[in-house]
Amino acid sequence: MQYENVRTTCIYCGCGCAINLQVLDGEIVGVFPDPQHPISRGSLCIKGWNVASFVRHPDRLATPLVRQGEGFREASWDEALQLVAERMGAIYAASGPQSIGFLASAKCTNEENYLLQKLARTIVRTNNIDHCARL
Amino acid sequence: MREQICKLVAEKLPELAGVVALRQTAVGTAPYLFREGDDLSQLVLEPRYPLPSVVSMLQKRYPEARFGVVARGCDARALVEMAKRNQIDPERLYLVGFTCSAEQAAECYCAAPAPDTAGWPQAMVVGVPVAGAPPNPLVAQYEEMSLAERRAFWQQQFAKCIKCYGCRNICPECFCEACALEDPLWVEAGMLAPPFPMFHLVRAMHMASRCVACRQCELVCPAHIPLTVLYDLMRRDIGELLGYEPGADIAAAPPLSLTLADGMVHGQDQLL
Amino acid sequence: MTNSVPEFSAHTNCFLIIGSNTTEAHPLVASHVMEAQQRGAKVIVVDPRQTQMARLADLYLCPRPGTNVAWLNGLMHVIIAEGLQDASFVQERTEGYEELRQVVMTYPPEKVEEISGIPADDLRAAARLYAQHKPAAILYAMGITQHTTGTDNVKSCANLSMLTGNVGIAGGGVNPLRGQNNVQGACDLGGLPNVYPGYQAVTAPEVKEKFEQAWGVAGLDDQVGLTVTEMIEGAGQGNVRALYVMAENPLLSDPDINHVRHCLEQLDLLVVQDIFLTETAELAHVVLPATSFAEKDGTFTGTDRRVQRVQKAVEPLGESKPDWQIICELAQMMISGSRFQVPNLQPETWNYASPAEVMDEIAPVTPIYGGVSYERLEREGSLQWPVPTADHPGTPYLHKGKFSRGLGRFHAIHSQAAAELPDEAYPFTLTTGRLMFHFHTGTMTRRTEKLAQEVREAYVEMHPDDAARIGLDGAERVRVASRRGEIELAVRVTPAIRPGVVFIPFHFAEAAANVLTHAALDPDSGIPEFKVCAVQVEPVT
Ligand code: SF4
Ligand code: SF4
Ligand code: SF4
């Protein structure tokens with residue numbers, strides 16, 4: 001039996017409220033605000049209070065998917081990543097670095113955005129990287 | 001006081017599945033279930049969190065287990081009302097009570113800043129109780145107002161509500177499976193602020209004979225609405241009309257639960 | 001943001017809130033504003049919709065959409081005409097005042113009333129409130145930036161703030177409220193075509209050299225890359241053949257989505273990395289399952305430049321992996337696959353044990369994050385950049401004492417009309433935005449019952465006069481059409497919107513507002529004009 005709160009940051013707007021995820025035996029069972037956080041000061045909005053509800057939603061993607069006709073088939077990580085590396089490599093060889101583009105994300109972490117732009121810039125040698133922040 | 005509490009917790013831990021209290025780590029302070037062998041130097045008493053709700057959740061998940069909880073006066077009162085509504089089982093709970101300071105009591109306008117353990121199967125209180133603090137001056141100011149002024153006051157306050165449901169989510173006495181605040185019959189969905197005054201009146205009504213004046217709802221409100229002015233008056237009326245004080249006496253039957261709240265009280269079977 | 005959110009409740013005495021539906025889109029910023037108001041701070045809201053924040057305001061101005069520069073110039077006209085500017089700040093810390101003065105003096109309140117529809121006396125009242133309650137903070141959101149004149153709007157806000165000496169003080173400043181949670185961080189860490197992490201230009205030779213050294217490569221691209229809109233356009237034209245999308249859903253979030261779909265369908269390779277099968281992912285060739293925020297570690301940077309931890313609470317669902325790990329594994333395969341010309345790169349350089357190690361690589365190459373580390377974040381909770389060194393405390397507000405470029409520059413700007421104005425065929429101005437109960441394209445919030453039950457479906461808001469004008473006559477659904485497409489949706493008639501303007505939230509795929517919007521961009525920022533386009537509305541019977 002293990003119950004603890006894991007402190008993280010809300011994903012639903014730029015306010016940056018602190019979220020305490022209540023975790024019981026490896027599953028999220030609730031959310032608490034944090035009274036000591038300088039912005040959220042023990043409050044949250046309705047989105048923050050419900051921020052963890054989709055984490056175990058049945059629609060979550062759980063395996064890599066590869067296109068097959070109109071639909072998809074499940075694939076292993078190895079197969080899916082190989083396929084991406086191969087096809088992107090072929091496009092790179094045929095049409096050059098500027099024929100490849102990357103969309104980073106205002107929903108992902110700083111580290112993830114850093115890594116994606118590093119991949120684009122060092123391996124593909126393109127500055128075609130942007131995100132939907134303006135939207 | 002903290003040392004005394006830790007000592008008591010350490011003594012009791014071998015008999016319990018764990019003790020619910022606040023844990024302070026480098027990242028922050030939040031509720032935690034301390035188990036045997038855990039580092040009790042991390043156990044702290046501030047800030048305030050609704051620990052009774054955590055106890056309730058754990059007891060429901062583990063219907064055999066016995067827990068402990070480190071509780072201040074309002075927490076103990078909340079547990080009393082929860083026990084009467086089958087949200088916790090006092091037989092499976094060891095109450096480590098502690099008294100609040102005079103400053104804390106003043107900040108909360110708290111009339112009873114120490115846990116009352118009379119009638120509790122297993123309990124201890126650490127610390128010397130201080131006197132109750134004077135009531136919220138806003139209540140007296142409010143009572144000076146005419147009916148029209150009162151209406152205007154609440155209209156202005158409730159216009160700020162961003163419908164976070166935080167007041168309900170944090171309240172140890174709000175535990176209905178189907179909440180009337182989410183029922184379009186009572187409160188039109190999707191409106192900001194929620195249409196005056198149903199959201200707040202419905203909640204106030206449901207708090208009659210339940211509200212233990214812990215003030216968590218007010219602390220959690222991002223719109224800084226003085227919600228407890230409403231609940232304090234409600235508490236007073238229930239006291240005067242029915243002679244009932246929520247949270248005071250674990251043996252007293254709540255006057256309204258059989259009528260107003262009928263159908264919302266969870267039976268023992270639902271609890272498990 | 002130049003300033004910090006906690007300063008609002010602690011110091012600010014007047015708020016000028018422009019095009020921000022604050023209580024819905026940034027609720028906890030609104031919480032600080034409401035607290036300030038309780039202690040007597042003044043709140044002015046300028047928005048074509050009378051939002052909750054507008055109803056709480058001391059003064060509410062309702063302009064025609066797309067007239068921001070005009071009324072901001074008008075505000076400055078009043079301030080200068082009545083001698084309310086901060087003369088010593090203007091004298092000591094700024095340049096270009098004379099040019100600004102000449103332009104704004106051509107915007108007397110009566111003329112502004114004609115352009116914007118804001119009554120001249122209200123404009124005067126707003127100018128006095130703002131100028132006489134220091135510190136005064138300007139808060140704005142997409143209502144300022146999502147215009148073809150977005151950059152002009154932003155500069156006008158800066159003009160106003162400097163004119164009144166509200167820059168570089170606690171509780172003042174110019175404060176854009178970021179829509180998505182980590183917009184700030186995505187920009188800070190180089191998710192932009194023109195800059196490396198820390199806003200260092202890709203075209204500057206010394207910067208290029210620095211990153212070549214840090215990353216152990218030669219020949220980094222020194223040309224500015226393509227923006228989102230250009231990439232999508234490029235896909236349509238065949239210049240862009242492959243697109244890799246990490247957790248974005250351009251098929252719903254971008255303007256003119258019928259066109260976006262057509263473009264994406266031309267790609268040879270579309271890879272989408274996300275937690276749900278989004279509208280965009282449905283078109284992909286390969287879909288990679290990522291983890292949610294609760295299943296990974298990292299940092300986000302909030303709207304007030306505040307770097308904070310994201311902490312893993314539970315194990316990843318199924319075979320999903322954190323985005324950072326997916327990128328690393330892909331990078332290793334790309335390097336070993338030999339198709340890419342990467343002679344110096346070794347797959348091992350992509351062996352990060354944790355995001356903490358990535359941050360240790362970020363800090364030395366990103367001066368504004370120079371002193372950021374996980375160890376410090378644990379100890380101090382959050383750090384506000386710039387935090388150049390390990391012993392620098394971080395920066396709650398910018399431009400204290402001095403601007404980074406020396407003197408603050410005024411930009412004399414004239415008002416320009418929006419790209420698409422209403423006409424006989426499309427008589428209404430459409431504006432789009434967010435609701436309290438949903439986030440962005442609704443992928444997560446519409447799968448959260450407590451949120452979905454508040455607002456289940458898309459709707460359009462319109463004024464009762466307009467409802468009468470189109471003969472709505474009790475009909476509950478309408479068809480809204482622009483030159484790009486049409487959607488059918490529910491209608492809500494409300495006096496809380498300017499006559500002639502209609503509003504549609506953009507969270508709903510089945511009645512996507514962005515079918516209607518157009519891709520006219522601000523020439524400097526590349527931001528589409530979501531806040532103004534011309535539509536027609538007719539009842540569906
Ligand atoms: S809790 Fe609400 S206000 Fe706070 S960050 Fe999340 S979405 Fe924003
Ligand atoms: S004070 Fe508020 S939170 Fe506490 S019991 Fe009463 S209503 Fe519930
Ligand atoms: S906590 Fe405050 S803002 Fe939230 S629903 Fe309750 S009254 Fe409204």
Side-chain angles (χ1 to χ4, degrees), chain A residues 6 8-9 11-12 14-17 21 23 38-40 45 50 53-55 57 59-67 80-81 84-85 87-89 91 95 99-117 119 122-123 125-128 130-135, chain C residues 5-6 27-28 178 180-183 185-186 189-191 193 202 215 217 221 225-228 231 240-248 253 269 271 285 287 289 292-294 298-300 302-303 308 310-311 313 317-319 323-324 327 331 333-334 337 339 355 358 439 444 447-448 450 527:
Chain A
V6 178
T8 189
T9 303
I11 55 166
Y12 281 143
C15 290
C17 297
L21 293 175
V23 180
I39 291 172
S40 47
C45 80
N50 293 287
S53 304
F54 70 87
V55 170
H57 194 281
D59 292 352
R60 275 281 303 275
L61 294 167
T63 56
L65 301 173
V66 170
R67 175 149 305 275
L81 288 175
V84 175
R87 288 238 225 142
M88 210 185 269
I91 291 167
S95 321
S99 65
I100 301 175
F102 292 84
L103 293 191
S105 176
K107 302 184 197 72
C108 287
T109 65
N110 291 333
E111 292 76 4
E112 288 158 349
N113 279 291
Y114 173 84
L115 290 173
L116 190 66
Q117 62 89 37
L119 183 151
T122 59
I123 303 178
R125 307 290 170 91
T126 179
N127 286 319
N128 291 346
D130 198 5
H131 64 283
C132 300
R134 306 185 179 85
L135 314 178
Chain C
V5 175
L28 267 288
R178 305 297 187 176
Q180 298 176 68
N181 57 317
N182 201 29
V183 171
L189 274 310
V202 295
W215 289 338
V217 288
D221 184 8
L226 304 175
T227 62
V228 186
M231 280 186 236
V240 172
R241 308 302 318 147
L243 192 62
Y244 191 99
V245 180
M246 172 166 84
E248 293 281 9
S253 64
L269 178 64
V271 184
H285 300 97
V287 180
S292 72
F293 76 107
T299 55
F300 289 148
T303 192
Q308 307 191 99
V310 176
Q311 294 207 84
L317 179 93
E319 288 178 43
D323 293 278
W324 64 270
I327 301 165
M333 284 200 189
M334 288 168 80
R339 291 268 205 176
V358 182
F439 176 67
M444 295 173 287
R447 289 186 171 90
T448 299
K450 295 278 183 205
I527 300 181

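On a predicted model such as this, the values are computed, not experimentally measured, just so you know. Below, each value reflects all heavy atoms present in this structure, side chains not excepted, and no hydrogens, waters or symmetry copies.
With respect to chain C, the highest number of heavy-atom pairs below 4.5 Å among A/V66, A/L116, A/L21 belongs to A/L116. When each of A/R125, A/R67, A/E111, A/Q117 is scored by its heavy-atom pairs under 4.5 Å with chain C, the top score falls to A/E111. Contacts with chain C were tallied for A/A80, A/G101, A/A85, A/S53; A/G101 has the most, counting heavy-atom pairs under 4.5 Å. Your options are A/V23, A/L65, A/I91, and the one with the most heavy-atom pairs under 4.5 Å with chain C is A/L65. Note on C/V202, C/I327, C/T299: by heavy-atom pairs under 4.5 Å with chain A, the leading option is C/T299. Chain A forms more heavy-atom pairs under 4.5 Å with one residue of C/V245, C/T303, C/D323 than with any other, namely C/D323. For the set C/A242, C/G318, C/G185, C/A294, the entry with the most heavy-atom pairs within less than 4.5 Å of chain A is C/A242. By number of non-hydrogen pairs under 4.5 angstrom with chain A, the leading residue of C/G302, C/P27, C/G337 is C/P27. The most heavy-atom pairs under 4.5 Å with chain A, out of C/R241, C/R447, C/Q308, C/R178, come from C/R447. When the candidates A/G89, A/G16, A/S95 are compared by the number of heavy-atom contacts under 4.5 Å with chain C, A/G89 comes out ahead.
Counting heavy atoms from C-beta on, the side chains of C/E248 and A/K107 come closer than 4.5 Å. Counting heavy atoms from C-beta outward, C/L226 and A/D130 have side chains that stay 4.5 Å or more apart. Side-chain contact between C/H285 and A/R87 is present, with at least one heavy-atom pair separated by less than 4.5 Å. Side chains of C/P6 and A/I39 form a contact here, defined as non-hydrogen atoms less than 4.5 Å apart. The shortest distance between side-chain heavy atoms of A/T109 and C/V358 does not fall below 4.5 Å. With a 4.5 Å cut-off on side-chain heavy atoms, A/L119 and C/Y244 do not count as touching.
Here the CG atom belonging to C/N182 is positioned 8.5 Å from the SG atom belonging to A/C108, to the nearest 0.5 angstrom. To the nearest 0.5 angstrom, A/H131 atom NE2 is 11.5 Å from C/T227 atom OG1. A distance of 12.0 Å separates CG in C/D221 from OG1 in A/T122, rounded to the nearest 0.5 Å. Expressed to the nearest 0.5 Å, how far CE of C/M246 lies from CG of A/L103 amounts to 9.5 Å.
Nearest approach of C/A186 to A/S105, heavy atoms of both residues: CB-O, 3.8 Å. The nearest pair of heavy atoms linking A/A62 to C/L317 is CB-CD2, 4.4 Å. Residues A/M88 and C/L269 come closest through the heavy atom pair N-CD2, 3.8 Å. C/F439 approaches A/I11 most closely through the heavy-atom pair CZ-O, 3.7 Å. A pairwise comparison of heavy atoms in C/S292 and A/F54 identifies CB-CE1, 3.9 Å as the closest pair. Minimum interatomic distance between C/M444 and A/Y12 (heavy atoms only, all atoms of both residues): CB-OH, 3.3 Å.
Between the side chain of A/T9 and the backbone N or O of C/V310, no donor-acceptor pair lies under 3.5 Å. The main-chain N or O of C/L189 is never found under 3.5 Å from a side-chain atom of A/N110 such that the two would form a donor-acceptor pair. No donor-acceptor distance shorter than 3.5 angstrom exists from the side chain of C/K450 to the backbone of A/N50, with no hydrogens or angles considered.
Heavy atoms closer than 4.5 Å to chain A are found in both the backbone and the side chain of C/M333. Both the backbone and the side chain of C/V240 come within less than 4.5 Å of a heavy atom in chain A. Contact of A/L115 with chain C is made through backbone and side chain together, with heavy-atom distances under 4.5 Å.
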Please report the C-alpha distance between C/M334 and A/V84 in whole Å, then the side-chain angles of each, then the deciding distance to 0.1 Å, and finally whether the side chain to side chain contact (heavy atoms under 4.5 Å, CB included) criterion is met. CA-CA 9 Å; C/M334 288 168 80; A/V84 175; over 6 Å; no
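Note on ring orientation: taking the six-membered ring where Trp is involved, the planes of C/W215 and A/Y114 are perpendicular (angle over 60°, cut-offs 30° and 60°).
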